[in-house]
Amino acid sequence: MRIVAVTSCIAGIAHTYMAAEALEQSAKKSGYQIDVETQGAAGSSPLSAATIAAADVVIFAADLEVKDKARFAGKPTVTVGVSKALADAPTVIQQAVDLFAATPATPAGTAAAGAAATGSASAGGPELATKVPKGAGIGTRIRQYLMTGVSYMIPFVAAGGLLIALSFIIGGYEIVAVKPADIIGNFNAFSSHDWAGLMFLVGAATFAFLVPVLSGFIAFAIADRPGIAPGIVGGAIALTVGAGFLGGLVSGFVAGFIALGISRIKLPAAFRSLMPVIIIPLLATFATGLIMFVILGAPLKAVSTGLSDWLNSLSGGNLVLLGILLGLMMAFDMGGPVNKVAYAFATTGLASVALDGDPNSVQFKVMAIVMAAGMTPPLGLALATVIRKKLFTLAERENGKAAWILGASFITEGAIPFAAVDPLRVIPSLMIGSGVTGGLVAAFGSTLRAPHGGIWVTPLVGEPLLYLLAILIGTVVTALLVIVAKNIKRAAVQPVDSLEEDYAKETAAVNA
Amino acid sequence: MASSTPLTEAGLVIVDLAAPTKDEATRMLATKLAEAGRVTDLDGFLADVRAREAQMATGLPGGIGIPHARSTHVNVASVAVGVSPAGVDFGAEDGPAHLIFLIAAPDGADQNHLVILAQLARKLVHEDFRQSLRDAGSPAAVAEIVTREVVLP
């Protein structure tokens, strides 16, 4: 963990330096590296660009406007009054650590692209990782549980979806009739039908894991390791009872909280070693299964069927409305929970029909909508940095170059560095651009059989030219709106400053 | 360090400071600065300190108060130190201040002096430094500790 901080106070004589010392002491005590720039009367030795670039998180403990704030653009930032840092430096440091933990990996360049795409960058280590920071609020936690589940599901979606799509390209839609017995022991390496059949069967096997994995890793995020077994089983039962994706979400939460509850039971020491190997798996799995079969199975199946019927009934204007809505969701938080809900809606829909032969299922159109709308935010920003360089900092223009590739690869997260600095102007522009894209794709009736891949999976798109046209229009609309928005109220860049509120409180306290 | 005038001296230290309010305590310390010729206009300087104090109380956790100002009525960067066994309320949340540092910086002070003051501020965060001042006992000892510990980096 590398922290950089800026301290400043009104007179620039005392608090600036005391806060700097307090932050340094506290960070060292916790084993974090910290560099502090004191913007005080004694002059400041500015942090080097390299130090700032290497920092994971920024602390502004400043009562004055931070000088050259743009240097820190795009970094997660904790802003507090200088006296807060002085009085309670450990808490401020902890805030910064928590913020860093809660911040999605920001792709600094294309190297991070793969990790950002799967959303499982944190799974690189030997231990499985969740995205749930300690001490987060309940709303945040629920979103993080969902995102953990979705991020572990995505590799299955990608592998299965692409294999099935390729099998259709090679073998035609009748390939769905292939039976395992046709391949087992009879595989002919010179038959394209056999290759297509093999891909289809492997893809189908992969897709069978979607809901169980989603459910299992939601439960894992809640209960850690004890949640995995009941979660995966709960997801499999959700499929059995016909509750699909929705059932898997619910079973994940049910299994997670049951496992968490059971693992907290205090047992005599003699039985304690049996907890992880026998007691928790047995009780949590059976309880989850009981709830899924007996209590929730029927209602979840009804809701799931209703959703699916509604989707299939959509056509024409209603489908365009859905396209616009999904587009807005994709751009709203660029890889965050709302984006992931829209994406999960599309991929699970894809999963539910990918094994059918009908090339014009609504679910394929939804997938096309979601992918196109997720590509335009980075593409539009990249275009804007080229058209109007002056509106962007040097760092943003560099990010713009990466954003071309990230956008083209359907990594919506590429827009985050821009949105983080200027959310009120950037996010609405991105949302309108993506809404337009989603609506157009729906109107054009393009379809997509792959769950990811951006322009690189264009061969799997139905009506590809119109699809690319929709992306192009959305990109241009996004870029123009960003440029227009960046020109509005340039002078009032700083929204109501929390510092002013702090002052008001402190002054009131002194006068009282 | 080129400066010939130390930040503080025995004549600027009050080891048994007793005052009902922070204004009184500040005035007693400022009087020492004026007597030593480091502050030219006592009331003018106190007005500058109060103006700073009104923006935000300078009482800090750990039992310290640091009334301070950059003022045209200051000749040379100086610190008057008050050790108050009974404590003076400087508006800190965790109780009264037992160590009071009245920091006087000339308007347009040279950089060395401001760096010295910055070093003093950093030292104040450390409990062992504060403890040594509370235990010092005599003005000369307090002045000696400040002069020894607070040097240019």
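Below, chain A is the first sequence line, B the second, and so on; all start at residue 1. Note that these values count all heavy atoms, side chains included, but never hydrogens, waters or copies made by symmetry.
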Handout entry: chain A contact via B:R52 - which portion, at a heavy-atom distance below 4.5 Å
Key =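 Contact with chain A involves the side chain of B:R52 alone.
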Practice task
Of all the heavy-atom pairs spanning A:A14 and B:I66, show the shortest one and how long it is.
Solution key: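 That closest heavy-atom pairing would be CB-CD1, 3.2 Å.
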Handout entry: Point-to-point distance, once rounded to the nearest 0.5 Å, from CE of A:M18 to CD1 of B:I64
Key =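 So the CE of A:M18 and the CD1 of B:I64 are separated by 4.0 Å.
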Practice task
Please round to the nearest 0.5 Å and tell me the distance separating atom CZ of B:R122 and atom OG1 of A:T38.
Solution key: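 Rounded to the nearest 0.5 Å, the CZ-OG1 separation comes to 6.0 Å.
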Problem - NZ/NE/NH1/NH2 to OD/OE distance under 4.0 Å, A:E21 and B:K123 - result: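 The answer is no: the pair does not qualify as a salt bridge.
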Practice task
Answer yes or no: are there more than 12 heavy-atom neighbours, outside B:R148 itself, under 6.0 Å from its atom CZ?
Solution key: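 For B:R148, atom CZ is crowded (more than 12 foreign heavy atoms under 6.0 Å).
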Practice task
Might you confirm whether atom CZ of A:F72 has over 12 heavy atoms from other residues, nucleotides or ligands at distances under 6.0 Å?
Solution key: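 Count over threshold, so yes.
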